[in-house]
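Written below as structure tokens is the structure these notes are about.
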Amino acid sequence: LSIEREGRGLRIRWPDGLAHSFHPLWLRERSFDPANRDPLTGQRLEEAVFLPLDVSIRSFSGGVETGVELEFSDGHRCAFDASDLRRAVEHPLPDDLVGAKRLWDASLDPLPRHAFDDTAGDSGLLALLDDLARYGLVLVEGLPGELDALKSLTDRIGPIRVTNWGGIADVKSIANAYDLTMTGRALEPHCDNPYRLPGPGYIFLHCIENSAEGGDSLVVDGFHVAERLCAEDPEAFRTLCETPVTFRYEDGDAILEHYGPLIEVHPDGRVHRVRFNNRTDQVVATTIRELDRYYAARRAFADLVWSPEMMLRFRLGAGQGYIVDNYRLLHGRTEVRLATGNRHLRQCYMDRDIVASRQKTLRRATG
Ligand code: OGA
Ligand code: ZN
């Protein structure tokens, strides 16, 4: 580790060549010195906004093993692990679920499957959450037959998101449907409820009965679609990243509306959310020229979503279910021939922070 002054900053260079010049106030406010932190929560106890803006580094020493020891012009002393500083440079922003993503298409085989019983223990549950991080999709087998069996699964992860439609809700055809999902109609690949804020993070679906013809499940890896669009039609990709689209749902009791681009890029450059919901979207009325570009770009995106090589199809039986990342995957179903039998699913949502926190604490516990 080489450490030297560079202007007001401190330049640290790791043996493999990675180097960064740290701002003195950035180092000063990051101090993990116990005197500045609540021992229980790790939260900062001093009002860092009022630290001297011209704080400087009085002295420094250290190495890879010993860490970096600093004394600042306001008299404060602290030490950092070299690896913490390195992580701050290499991985400045947090992930939701952690772990490398594997983009997939219709050829994904086998599907990531987990037995409900295996999720009772920490290692089985972590394996499921790691697969959810990797694929944005996991199938769950052997759910109990009760209507609220999803609760036994979600309780192992965290609290579910309760909306104006309740917690665990029916996806079943009824006479006075208030949503297209309650009819037998096919559902085009979509993300759920982009008109909510925050949008539902993860969707849990549980099949109670699927005896009617049709009603096969469809899933598409939206990140893979976005990556392909970026490679094959960069202009369309950019247009979908930059064009704001509104999403709206209204009935007698609720008005839900929000907006966002169809493809959302994280500040670090990775695609981190796709929105695709043909039932509720309405692009902002901009110019003819811009809308020509937007509609062509959306079509290019949709052509990839619908292409047989991207769309994975499977059939849920009673006691099976799946979890999808609603910011990454698009899901749908084929038409249900209601005269031929019954189709009854249950579903609920969970926020992203809850799911990610469970995975991260399990990983911490298992070292
Ligand atoms: C939905 C939905 C999937 C299915 O209700 O939004 O996607 O298989 N349902 O019915
Ligand atoms: Zn849906």
Side-chain angles (χ1 to χ4, degrees), residues 111 113 132 136-141 143 147-150 153-154 160-196 198-222 225 247-249 251 254 256 258 262 273-281 302 305-306 311-338 340-352:
L111 299 187
R113 285 176 199 276
L132 190 56
L137 165 76
V138 289
L139 273 69
V140 183
E141 315 264 0
L143 284 160
L147 273 186
D148 278 349
L150 270 186
L153 176 61
T154 57
I160 63 172
R161 167 88 176 274
V162 177
T163 74
N164 54 313
W165 294 336
I168 298 176
D170 282 317
V171 179
K172 161 167 128 172
S173 296
I174 54 172
N176 52 346
Y178 58 79
D179 192 272
L180 279 179
T181 65
M182 308 294 228
T183 69
R185 185 181 179 280
L187 295 176
E188 300 86 354
H190 63 280
C191 64
D192 271 10
N193 298 196
Y195 40 79
R196 293 187 187 279
Y202 293 87
I203 308 169
F204 291 68
L205 275 161
H206 169 208
C207 176
I208 307 284
E209 183 180 2
N210 198 7
S211 64
E213 284 171 24
D216 287 359
S217 298
L218 308 170
V219 283
V220 179
D221 185 350
V225 168
F247 299 91
R248 186 166 204 280
Y249 172 88
D251 67 16
L256 304 167
H258 194 49
L262 297 201
R273 179 167 182 184
V274 294
R275 295 179 175 86
F276 197 67
N277 188 300
N278 67 304
R279 286 172 265 152
T280 62
D281 69 327
V305 168
W306 283 93
M311 194 183 292
L312 181 65
R313 181 167 172 157
F314 59 92
R315 186 173 176 78
L316 289 178
Q320 295 182 311
Y322 67 85
I323 310 174
V324 286
D325 179 341
N326 193 43
Y327 283 22
R328 169 172 170 186
L329 258 65
L330 309 172
H331 65 283
R333 66 162 185 240
T334 62
E335 187 187 351
V336 185
R337 307 263 318 278
L338 286 169
T340 63
N342 298 318
R343 187 170 188 277
H344 183 190
L345 269 52
R346 301 275 284 170
Q347 78 153 25
C348 67
Y349 298 134
M350 198 177 284
D351 284 337
R352 303 188 74 73

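In what follows, every heavy atom counts, from backbone to side chain, and hydrogens, waters and symmetry copies are set aside. We number each residue from 1, following the sequence as shown. Order of appearance sets the numbers: ligands from 1, and atoms from 1 within every ligand.
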**Study point:** Short N-O contact, R333 and D216, less than 4.0 angstrom
**Key:** no

Heavy-atom distance under 4.5 Å between the side chains of I160 and L150, does that happen here?
no

In D192, T163, T154, the residue satisfying side chain to side chain donor-acceptor pair (under 3.5 Å) with Y349 is D192

For NE2 in H190 and OD1 in D192, the angle at the Zn ion (ligand 2) (nearest 10°) is 90°

Would you say the Zn ion (ligand 2) has H331 as a near neighbour, meaning an N/O/S atom of that residue under 2.8 Å away?
yes

The atoms of ligand 1 lying under 4.0 Å from a heavy atom of L187, numbered in the order shown, are 1 (C), 2 (C), 7 (O), 9 (N)

In ligand 1, the atoms that come under 4.0 Å of a heavy atom of R343 are 4 (C), 8 (O), 10 (O)

Ranked by distance from atom 1 (C) of ligand 1, the top protein heavy atom is T181 CG2, 3.3 Å

Ligand 1 to D192, heavy atom cutoff 4.0 Å, flagged ligand atoms 6 (O)

Under 4.0 Å from one or more heavy atoms of L345, ligand 1 contributes atoms 4 (C), 8 (O), 10 (O)

**Request:** Could you tell me whether the side chain of C191 reaches within less than 4.5 Å of the side chain of Y327, counting heavy atoms only?
**Result:** no

- Please assess N193 against Y249 for the test side-chain contact (heavy atoms from CB on, under 4.5 Å), listing each intermediate value before the final yes or no. CA-CA 8 Å; N193 298 196; Y249 172 88; over 6 Å; no

**Contact check: R279 vs ligand 1, nitrogen or oxygen atoms, below 3.5 angstrom** = no

Only one of H206, R315, E141 passes side chain to side chain donor-acceptor pair (under 3.5 Å) with Q320, and that residue is E141

